[in-house]
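Read the structure below first, then the notes.
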Amino acid sequence: MIRFDLLTLFPEMFASALDESILKRAQAAGLIEVRLFDFRDFAEGRHRQVDDVPYGGGDGMVLKPEPLAAAIRAVRQNGPEAPVTLLTPQGRRLDQEWVRELAQRPRLILVCGRYAGVDERVREHYVDEELSIGDYVLSGGEAAALVVLDAVARQVPGVLGNEDSAGADSFPRRLEAPQYTRPAEFEGHAVPEVLLSGHHEQIRRWRLLESLRRTQERRPDLLERYPAAGEEAELLEAKAKERKRS
Ligand code: 9D3
């Protein structure tokens, strides 16, 4: 069981995602628990102000420190000790390895920033680690928090049904071979012969080769990091020889 505490100004952004398929099942089964906190609820005053203009000038509004800090303190107190993770484009980029590590924790506290940023003093004194999901600009941390939630939940034993109990998704070292389903001919385009043949060994080798080709073509970085060896290397060699002959 992992507990996710999400701190956001937009808790409604999570509703439909949490009410769908895998995440819904995981919550119903008690495998994950998700709690949403609106840090506007921790803002003082009649206007419950959560942001303000930046000192020194500039565009946009900066999230004020007090409501955010009060929310983090309250959430932290209520449950086991856990690091506080700020979702920010300045964070360390998430990858599958980090996802697996996060999934070992009993609890994740995810703080969603907004476009103009968070007062630096909160980052310094209330945040333990900073996470980005990649090099592109989002409007805030909410979409990123959903990515973390989805990826981490998949690693929790029992969350994936029998459908994909390879479960704890392994690090994707190769891209997948193309997939087809019926009909055997679609708008004049046939499914590769070998897949209809029923020759399981030939199908396995075809997939392995297509997977290698596709990885070579689209993600040469993966082949460099995890070079072809054993059967993969043999297959590539055999193909290279074939090409020479023809
Ligand atoms: C250029 C200075 N900032 C804009 C005034 C940068 C900026 C801050 C915050 C840009 C976007 C955001 C909002 N994004 C996130 O909070 C965020 C994010 C992202 O934008 N990309 C990848 N991962 C993440 S995690 C949180």
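In this text, all values refer to a predicted model and were calculated from it rather than measured experimentally. Each ligand, and each atom within it, is numbered from 1 in the order the structure gives.
- Residues Val99 and Gln155 form a side-chain contact, since some pair of their non-hydrogen atoms from C-beta on lies under 4.5 Å apart.
- Using a 4.0 Å cut-off to heavy atoms of Val137, the atoms of ligand 1 that qualify are 10 (C), 11 (C), 20 (O).
- Under a 4.0 Å criterion applied to the non-hydrogen atoms of Ile133, ligand 1 contributes the atoms 22 (C), 23 (N).
- Listed for the Arg93 side chain is no donor-acceptor partner under 3.5 Å among the backbone atoms of Ser132.
- Within a 4.0 Å radius of atom 1 (C) of ligand 1, the protein contributes no heavy atom.
- Screening Leu149, Val152, Val34 for a side-chain contact (heavy atoms from CB on, under 4.5 Å) with Ile2, the sole residue that qualifies is Val152.
- Annotation for ligand 1: atoms under 4.0 Å from non-hydrogen atoms of Gly134 are 21 (N), 22 (C).
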Run the side-chain contact (heavy atoms from CB on, under 4.5 Å) check on Val159 and Leu23 step by step: do they pass? CA-CA 8 Å; Val159 164; Leu23 292 179; over 6 Å; no
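- Cluster membership for Tyr115 and Tyr55, using ILVMFWY side-chain heavy atoms within less than 4.5 angstrom, is not shared.
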Show your reasoning for whether side-chain contact (heavy atoms from CB on, under 4.5 Å) applies to Leu7 and Leu110. CA-CA 6 Å; Leu7 283 70; Leu110 303 179; over 6 Å; no
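- Of the protein's non-hydrogen atoms, the one nearest atom 10 (C) of ligand 1 is Tyr115 CE1, 3.6 Å.
- The proximity of Leu131 to ligand 1, defined as any non-hydrogen pair under 4.0 Å, is limited to the backbone.
- Only one option out of Leu68, Val50, Asp51 pairs with Leu9 in a side-chain contact (heavy atoms from CB on, under 4.5 Å); it is Val50.
- Residue Gln90 places every heavy atom at 4.0 Å or more from ligand 1.
- Close N/O approach between Ala116 and ligand 1 is not found [any backbone or side-chain N/O within under 3.5 Å].
- Those atoms of ligand 1 with a heavy atom of Gly141 less than 4.0 angstrom away are 15 (C), 16 (O), 26 (C).
- In summary, the atoms of ligand 1 found under 4.0 Å from a heavy atom of Arg114, numbered by their order in the structure, are 9 (C).
- At a heavy-atom distance under 4.0 Å, only side-chain atoms of Ala144, from C-beta outward, approach ligand 1.
- A donor-acceptor pair under 3.5 Å is formed between the side chain of Gln27 and the backbone N or O of Leu18.
- Within the 4.0 Å heavy-atom cutoff, Gly117 does not count among the residues contacting ligand 1.
- Checking only distances, Pro89 never comes within under 3.5 Å of ligand 1, N or O to N or O.
- For Tyr136, a nitrogen or oxygen atom sits less than 3.5 Å from a nitrogen or oxygen atom of ligand 1, counting backbone and side chain alike.
- Side-chain contact between Phe4 and Ile32 is present, with heavy atoms from C-beta onward closer than 4.5 Å.
- Taking a cutoff of 4.0 Å between a charged side-chain nitrogen and a carboxylate oxygen, Arg105 and Glu129 qualify as a salt bridge.
- When the options Val118, Leu138, Thr85 are ranked by their closest heavy atom to atom 11 (C) of ligand 1, first place goes to Leu138.
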